[in-house]
Amino acid sequence: MAFFEFPNTRNYDSDLGWLIRNVVALREALSAFTITNTVKYADPISWNIAKQYESNTIVIDDTAAYISRKPVPAGIPLTDENYWTKLIELQELSAVPYRYAVNVTDLGVDNSGETDVTYALNSLDYEGRVLYLPEGTYLISDSINWKNCRVIGNNAIIKFRKEGETEKVHTPCFLLENSDYFELSGVKLDSVGFGFKGISSYNTYIHDVETLCNYYAIYFGGTPERKMSGVYIERVHITENVTNTLVANNYDGIHVDGYTEYVYISDVHGWTGDDFLAFNASENVVDTIYNAGTIEHIYVNNVCTAENYVSHSGVRIHGTAGNTLKDLNFFNCLFAGSSGRVIRFTNADGTVTDPSHPNIIIDNVKFTDCNIQVGDSEGTTVTSSALLQAVWLGGATIDNAVFDNIGIDVTYDYDSTVIPAVIFAMDGFSANELTLSKIHSTTADALLRGNYGNRNINIKHITIDSCILDRNDKPTRVWTAIEALTALTIGTLQVINSVLYNLSRILNVPETCTIDAVILTGNEVRCTSFINFAGSPTVSFFIANNYGYGGVLGLSGPSDYSNVCCSGNMPINALLTRGVTGDWYIRNNNGVFTPYYYNGSSYVSV
């Protein structure tokens, strides 16, 4: 009869509880015992040759579970079939040979918080075991260096303090290196340094953990010889350590360094003094001993930084010049920041406006069903434009960037001396495809704006689809949906099915910018004019089936504009241009709609 069919699950799902449940099922079938005797479990259940056991007592050792046939004197081995009957081989339960659950306090580890237990914990025979930390405080002065094991706490507090230290320290509560598997749950990491630091390890699972740290709460990174691969972080609460007298945390919540792949982060919330999530495809930023490396396959779901406002970014994606981040995905997240640039793409040193510092390379990044809050809960009036940028696209070359169904809320107030609130700010940014889909905000003045520094911007295709931008609450402070300042090159700009209200214009392009084609279709617009355009001598326009009011084209500058198609629109003001030498097609537009061009001395009707 097969009672023990191990389920096809992860190795950390096989535990003592599962074993006991199956032993109970087996007991019910052992009629020779259950009819006339009562089966019980040894306490502790791990077998000890120095102990005596009563009849019908279940024990386990490194390899199997056994039941006693009769009273067992001390010194009788489990191989003696006169006293013991083997119930089940344990090596079949998992590819990882967990031996037995160890209650660390049974081994003399103090959990009163009064005694330094660093040496006691590191002296345990931990590999391959399940280590249980009952409720209490475990005071340490150096890292716990366990690996290839499972650590389960019950409201256990790991309190790391460094005697004589008045600054943050680089030492973590847990230091994991070159491990093949590790699980940590049910603990609070109260640390003057790191909470958890994982280096070059596989299959690391952290869940149901709280951190109060003065340095990185959770840190991962790999090396060229051995990557950090398979990181699972679930149900984690991250805050600053405000329970000690040290300087508050000015570092990241979760920091992922280079040579890391397959990272899954879910149900994480809290706040930090710096970036809440940081992905850094560069050298190890703490020890500066690892080479720059790629970060691949990141999945972030249901992360919230709005419990309090971080003083820096919600997400920072950065790295050493030329290094690559691949396949970054963010779903159902709420990111908040009181210092603006809540989502940032930057170089490793943060110098996004330095032309001599080449871009990092990002191959596919996607934000879906997310909300971004810029500002604080007080509605403070600010004088810095950087505080009013929701997403900073700087210092990065991206193959494909998608922002889909993103809500933006700007809680700061500001006066006319400050560049208005911008959802996407660009500088030193290049992309093959930039897609902004279902972006909605009633508190931002501009959807897309560049250039903020002195670096060129090059984008092959921009698609703005089904976006809503409405400044009805501040009708006297209107701005432009897309504001191109200097050094901007765009292949195709497409704005479709969007609602743009109370703005001065949809697109403002000076002479220093180049755009090959502009497509405006299906939009509902309430602007002073659709476009103010002075650049791109060979630009083509396709403007069709838009509804609202405002002038359609205001073309100026020394350019010749060709291939202009306006059809099915319902504006109430005129189409005005100059220098027209190419083909024009103007049909079926309603309202006062008269095209002009400028012949050098006066406007002439087309």
Side-chain angles (χ1 to χ4, degrees), residues 8-13 15 150-153 155 174 176 179 181-189 194-198 201-213 216-222 227-239 252-257 260-272 274-280 295-308 310 313-317 325-337 342-343 362 364-373 402-407:
N8 183 22
T9 58
R10 298 166 293 191
N11 55 55
Y12 45 73
D13 288 331
D15 57 14
R150 182 182 181 198
V151 182
I152 308 298
N155 296 317
F174 282 90
L176 183 73
S179 176
Y181 62 93
F182 184 81
E183 180 184 359
L184 176 66
S185 69
V187 301
K188 178 186 291 186
L189 305 179
F194 285 79
F196 181 94
K197 183 177 181 181
S201 296
Y202 304 150
N203 304 314
T204 305
Y205 183 37
I206 298 175
H207 63 98
D208 301 291
V209 167
E210 182 178 352
T211 69
L212 298 94
C213 301
Y216 298 125
I218 298 175
Y219 171 94
F220 292 103
K227 288 185 177 182
M228 189 80 198
S229 182
V231 177
Y232 307 88
I233 302 173
E234 296 181 286
R235 299 182 300 279
V236 172
H237 181 215
I238 297 173
T239 62
D252 304 335
I254 297 176
H255 185 104
V256 179
D257 246 357
T260 301
E261 61 182 6
Y262 298 105
V263 177
Y264 177 77
I265 301 172
S266 179
D267 299 297
V268 176
H269 65 286
W271 61 291
T272 63
D274 205 333
D275 306 318
F276 194 75
L277 302 178
F279 302 92
N280 177 40
I295 296 176
E296 300 181 79
H297 310 301
I298 306 296
Y299 303 91
V300 178
N301 177 65
N302 196 26
V303 170
C304 174
T305 66
E307 184 170 293
N308 286 294
V310 293
S313 301
V315 179
R316 182 165 59 141
I317 299 170
L325 298 98
K326 296 182 180 180
D327 192 23
L328 286 77
N329 302 274
F330 301 82
F331 308 96
N332 306 308
C333 295
L334 172 57
F335 299 118
V342 180
I343 297 174
I362 301 174
N364 296 321
V365 59
K366 185 173 184 179
F367 289 81
T368 304
D369 299 330
C370 296
N371 285 283
I372 302 172
Q373 294 182 359
V402 177
F403 294 83
D404 182 27
N405 196 25
I406 309 296

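Keep in mind the model is a prediction, meaning the values are calculated, not measured. Reckoned from all heavy atoms, side chains included, excluding hydrogens, waters and symmetry mates.
Put simply, the side chain of F335 reaches to within 4.5 Å of the side chain of V303, judged on heavy atoms. Side-chain contact between I343 and F330: absent, with no pair of heavy atoms (C-beta onward) separated by less than 4.5 Å. In this structure the side chain of Y299 reaches within 4.5 angstrom of the side chain of D327, judged on heavy atoms. F279 is listed as a side-chain neighbour of V300, based on a closest heavy-atom distance under 4.5 Å. Annotation: side chain of L189 is not in contact with side chain of F194 (no heavy-atom distance under 4.5 Å). Residues E183 and I152 meet the side-chain proximity criterion, which asks for heavy atoms closer than 4.5 Å. Between E234 and Y205, some side-chain heavy-atom pair lies under the 4.5 Å cut-off.
Note: F196 and Y216 fail the aromatic proximity criterion, with ring centroids not under 6.0 Å apart.
Contacts of N155 classified as side chain to side chain donor-acceptor pair (under 3.5 Å), with partners at least two apart in sequence or in another chain: none. The side chain to side chain donor-acceptor pair (under 3.5 Å) search around S229 returns E261, not counting sequence neighbours. Listed by chain and residue number, L176, S179, T204, M228 satisfy the side chain to side chain contact (heavy atoms under 4.5 Å, CB included) test with S201 (two or more places apart in sequence, or in another chain). For F403, the ring pair (Phe, Tyr, Trp, His ring centres under 6.0 Å) criterion is met by F367, F424, not counting sequence neighbours. When the side chain to side chain contact (heavy atoms under 4.5 Å, CB included) test is applied to F331, the partners found at least two apart in sequence or on another chain are N301, N329, T368. For D208, the salt bridge (Lys or Arg N to Asp or Glu O under 4.0 Å) criterion is met by R235, not counting sequence neighbours. The side chain to side chain contact (heavy atoms under 4.5 Å, CB included) search around N371 returns L334, not counting sequence neighbours. Taking K188 as the reference, E210 meet the salt bridge (Lys or Arg N to Asp or Glu O under 4.0 Å) condition, with sequence neighbours excluded. When the side chain to side chain contact (heavy atoms under 4.5 Å, CB included) test is applied to D369, the partners found at least two apart in sequence or on another chain are N332, N405. With sequence neighbours left out, the ring pair (Phe, Tyr, Trp, His ring centres under 6.0 Å) criterion links Y262 to H297.
Remark: I218 CD1 to I206 CD1 distance equals 4.5 Å, nearest 0.5 Å. Atoms NE2 and CD1, from H207 and I233 in turn, are 12.0 Å apart once rounded to the nearest 0.5 Å. The CG atom of N280 sits 4.5 Å away from the NE2 atom of H255 when rounded to the nearest 0.5 Å. Separation of atoms CD1 (I254) and OG1 (T211) is listed at 8.0 Å; rounding is to 0.5 Å. Expressed to the nearest 0.5 Å, how far CG of N364 lies from CD1 of I298 amounts to 13.0 Å. Rounded to the nearest 0.5 angstrom, I295 CD1 and D257 CG are separated by 6.5 Å.
Residues G153 and V187 approach most closely at CA-CG1, 4.0 Å, considering heavy atoms.
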For a side chain to side chain contact (heavy atoms under 4.5 Å, CB included) check, start with the C-alpha distance between Y219 and D252, then their side-chain angles and the critical distance, and finish with the verdict. CA-CA 9 Å; Y219 171 94; D252 304 335; over 6 Å; no

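The aromatic rings of H237 and H269 lie parallel to each other, their planes meeting at an angle below 30°, with 60° marking the opposite boundary.
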